[in-house]
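Report on the structure given below.
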Amino acid sequence: MVKMTKSKTFQAYLPNCHRTYSCIHCRAHLANHDELISKSFQGSQGRAYLFNSVVNVGCGPAEERVLLTGLHAVTDIYCENCKTTLGWKYEHAFESSQKYKEGKFIIELAHMIKDNGWE
């Protein structure tokens, strides 16, 4: 059973001194670069990044999906500001080798841009 929590109704802003990732559609902050775990993931629309934590995202209902690495329970995640689907959250991995993904977030590169100090 996946416990769902109510989404925040305000927009979080990450510190300007850190490199951040933002929604390409509305520029809402999504993640701090320090929360990036891996750049080696594949989303439904191309490359994707795995993050430890994100901000300004809501979650849809949990469902089981067969992904490239096996069966997972996931929830689609979307930008709280513009409602664009960004990727998904891993709620449960059925294979022991994939347990490290539980509670982590996939955001597809097609939906995010780099902000603050990427020079």
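If you're wondering where the values come from, they're calculated on a predicted model, not measured in any experiment.
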Following the transitive rule for hydrophobic clusters with a side-chain heavy-atom cut-off under 4.5 Å over Ile, Leu, Val, Met, Phe, Trp and Tyr, establish whether Tyr49 and Leu86 coincide in one cluster.
-> yes

Is it true that Glu63 and Arg65 have a side-chain N and a carboxylate O under 4.0 angstrom from each other?
-> yes

Decide yes or no on side-chain contact (heavy atoms from CB on, under 4.5 Å) for Val55 and Leu30, but give the supporting numbers first.
-> CA-CA 5 Å; Val55 295; Leu30 298 174; 5.6 Å; no

Where the side chain of Asn56 meets the backbone of His29, is there a donor-acceptor pair that is under 3.5 Å apart?
-> yes

Might you work through the side-chain contact (heavy atoms from CB on, under 4.5 Å) test for Glu64 and Leu71, ending with a clear yes or no?
-> CA-CA 7 Å; Glu64 291 181 2; Leu71 181 63; 4.0 Å; yes

If you take all heavy atoms of Asn81 and Ala28, which pair is closest and at what distance?
-> CB-CB, 4.1 Å

Treating Ile, Leu, Val, Met, Phe, Trp and Tyr as nodes and any side-chain heavy-atom pair under 4.5 angstrom as an edge, say whether Leu50 and Leu67 lie in one connected cluster.
-> yes

Heavy atoms only: give me the nearest Cys82-Cys23 pair and the separation to one decimal.
-> SG-SG, 3.7 Å

Would you say Glu108's side chain and Ser44's backbone share a donor-acceptor pair under 3.5 angstrom?
-> yes

Smallest separation among heavy atoms of Lys101 and Phe41, with atom names | CE-CE2, 3.7 Å

With side-chain contact (heavy atoms from CB on, under 4.5 Å) as the test, would you mind laying out the steps for Phe105 and Trp88 before giving the verdict?
-> CA-CA 6 Å; Phe105 301 84; Trp88 61 87; over 6 Å; no

Test item: side-chain donor near acceptor, His92 and His72, under 3.5 Å = no

